[in-house]
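Start at 1 and go down the list; that is how both ligands and their atoms are numbered. Excluded from the calculations below are hydrogen atoms, water molecules and symmetry mates; all remaining heavy atoms, backbone and side chain alike, are included.
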Amino acid sequence: VNVQTVGRTGYHFQPEKHWINETKTPMYFNGFYHLFYQYNPNGSVWGNIVWAHSVSKDLINWINLEPAIYPSKPFDQFGTWSGSATILPGNKPIILYTGIIDANKTQVQNYAVPANISDPYLREWIKPDNNPLIVPDASINKTQFRDPTTAWMGRDGHWRTIIGSGRKRRGLAIMYRSKDFIKWVKAKHPLHSTAVTGNWECPDFYPVSLQGTNGVDQYGEEHKYVLTNNMDVTRFDYYTIGKYDTKKDRFIPDNGSIDSWKGLRLDYGNFYATKSFYDPSKNRRVIWAWANESDIQPEDAIAKGWAGIQLIPRKVWLDSSGKQLVQWPVEELDALRTQKVQLSNKKLNNGEKVEVAGITPAQADVEVTFSFASLDKAESFDPTWADLYAQDVCALKGSNVQGQLGPFGLATLASQNLEENTPVFFRIFKAQQNYKVLMCSDATRSTLKHNETMYKPSFAGYVDVDLVATKKLSLRSLIDNSVVESFGAGGKTCITSRVYPTLAVNEKAHLFVFNNGTEPITIETLDAWSMSKAKIN
Ligand code: FRU
């Protein structure tokens with residue numbers, strides 16, 4: 001295979017070649033982080049899926065190992081799909097995964113255990129003969145029954161796991177219970193279900209602390225809970241905050257939460273099938289996601305010889321409002337920062353832009369805080385936009401459409417004259433009761449390649465910040481050749497874009513800060529770093 005190097009990432013995880021999709025079994029065990037992910041060992045489009053396996057001491061630099069799980073038994077000979085790891089008492093890891101047992105894609109749940117628990121890398125995994133553990137009963141759609149979660153123990157001492165499913169147009173998180181992790185019994189009710197969302201892939205369910213940013217791993221009633229699922233139909237990750245009624249074994253969404261297509265998203269961009277894990281070494285919860293390519297034709301992937309990246313793992317916690325999550329790249333990433341430049345107290349008038357020079361803009365980490373004198377001049381939010389997705393509003397009000405307070409932000413992966421660039425920016429609107437902050441990561445002009453089938457959306461989300469109190473907005477972007485991962489307002493709104501510039505490549509890429517609003521804004525502080533390559537081998 002010829003592997004095309006342009007567009008390959010420097011510090012985001014990618015195998016040397018071929019197709020990847022999600023990581024579903026991150027875990028920390030005896031000093032190593034394990035990454036297992038869906039991988040095609042024979043090509044750069046989806047197929048022949050095995051569980052590729054890498055280990056790391058810091059979640060950033062990786063040692064690649066042989067695939068841990070691959071089709072070989074009657075209970076998985078047509079596929080080894082996603083699943084999760086659980087660490088059983090006595091420090092014993094166990095994996096639950098979905099096996100495909102026939103050409104009709106019938107799905108069952110299997111388990112695997114390390115062949116040699118004293119091997120620090122846990123290279124080899126065994127799939128015992130008493131598999132499958134769970135087969136779909138007559139009420140379950142056999143081809144939509146997959147991706148078991150990390151199991152948790154209830155107060156009765158029994159394990160629970162949920163499995164993504166769908167019945168007609170209802171999305172389901174079907175629950176199973178077990179005393180010994182071997183014999184599983186379906187619960188009467190799913191943990192949760194939602195009408196008209198279609199099938200749920202890769203559900204995840206975990207507690208978050210009401211206070212502070214530490215992770216928790218005990219499924220007690222004193223916590224809030226996060227239920228995430230991936231809707232097959234839209235190919236996005238959604239989450240809902242709620243409570244867990246441990247007696248009834250039901251998830252109860254908080255009042256006012258929307259657990260459907262207009263609900264909260266972990267990331268408003270190219271980001272799918274997250275999976276969280278609790279990291280005991282740093283007492284945090286970490287989520288991980290996969291971003292596929294935006295040049296979506298199979299020919300594109302075949303020409304490149306690779307497809308898909310893992311995004312930077314993010315620490316996740318509950319915002320002090322209790323209404324949403326906050327996410328931030330794991331602190332270990334900072335070790336890759338090298339050359340640094342700074343700006344401060346720099347005013348930008350309407351139409352002005354300033355270049356961030358002195359770093360490698362194609363592979364960088366940048367943090368900026370903007371401030372503005374007053375909110376009085378913010379343009380009005382058209383009430384009819386309330387029915388639109390943020391992404392549609394961003395399509396109407398792009399980075400070049402002059403506003404009052406905004407658009408302002410970063411022009412990433414930019415060519416000298418901005419023929420190509422992926423702007424990540426804010427725009428502030430005055431709404432009836434409050435201000436509305438729109439954050440966009442707009443791929444519309446990311447490349448001059450006139451590829452009709454290229455996916456170039458103007459991804460966007462709203463940012464729930466109290467601007468009246470702070471009069472400040474911060475933005476961090478992780479720029480890495482063909483990916484821009486952005487975190488608005490300290491990680492309240494996150495957006496990832498995959499883009500393929502043709503001019504803004506390697507040392508020809510630029511980074512600018514711009515303001516296209518009539519009101520001046522100030523760059524209070526800006527710190528930008530060149531990023532070294534992660535060691536992945
Ligand atoms: C999600 C998904 C999962 C499935 C896996 C197969 O991307 O479709 O539901 O287990 O990929 O690779």
Item to complete: May I ask you to check whether W152 and Y206 place their ring centres under 6.0 Å from each other?
Response: no
Practice prompt. State yes or no: are the ring centers of F251 and Y244 separated by less than 6.0 Å?
Written response: no
Item to complete: Flag N21 as yes when one of its N or O atoms lies below 3.5 Å from any N or O atom of ligand 1, and as no otherwise.
Response: yes
Identify the protein heavy atom lying closest to [atom], giving its residue, its atom name and the separation to 0.1 Å.
| atom | value |
| --- | --- |
| atom 8 (O) of ligand 1 | E201 OE2, 2.8 Å |
| atom 2 (C) of ligand 1 | E22 OE2, 3.5 Å |
| atom 12 (O) of ligand 1 | Q38 OE1, 2.5 Å |

Fill in: Which of the ligand 1 atoms, numbered from 1, are nearer than 4.0 Å to a heavy atom of D147
3 (C), 4 (C), 9 (O), 10 (O)
Flag the pair [X] / [Y] as yes when at least one side-chain heavy-atom distance between them is below 4.5 Å, and no otherwise.
| X | Y | answer |
| --- | --- | --- |
| Y97 | D76 | yes |
| R235 | Y272 | yes |
| M439 | Y268 | no |
| S497 | S441 | yes |

Worksheet item: What part of S82, side chain, backbone, both or neither, has a heavy atom within less than 4.0 angstrom of ligand 1?
Response: both
Discussion item. Against ligand 1, does T98 come closer than 4.0 Å with any heavy atom?
Written reply: no
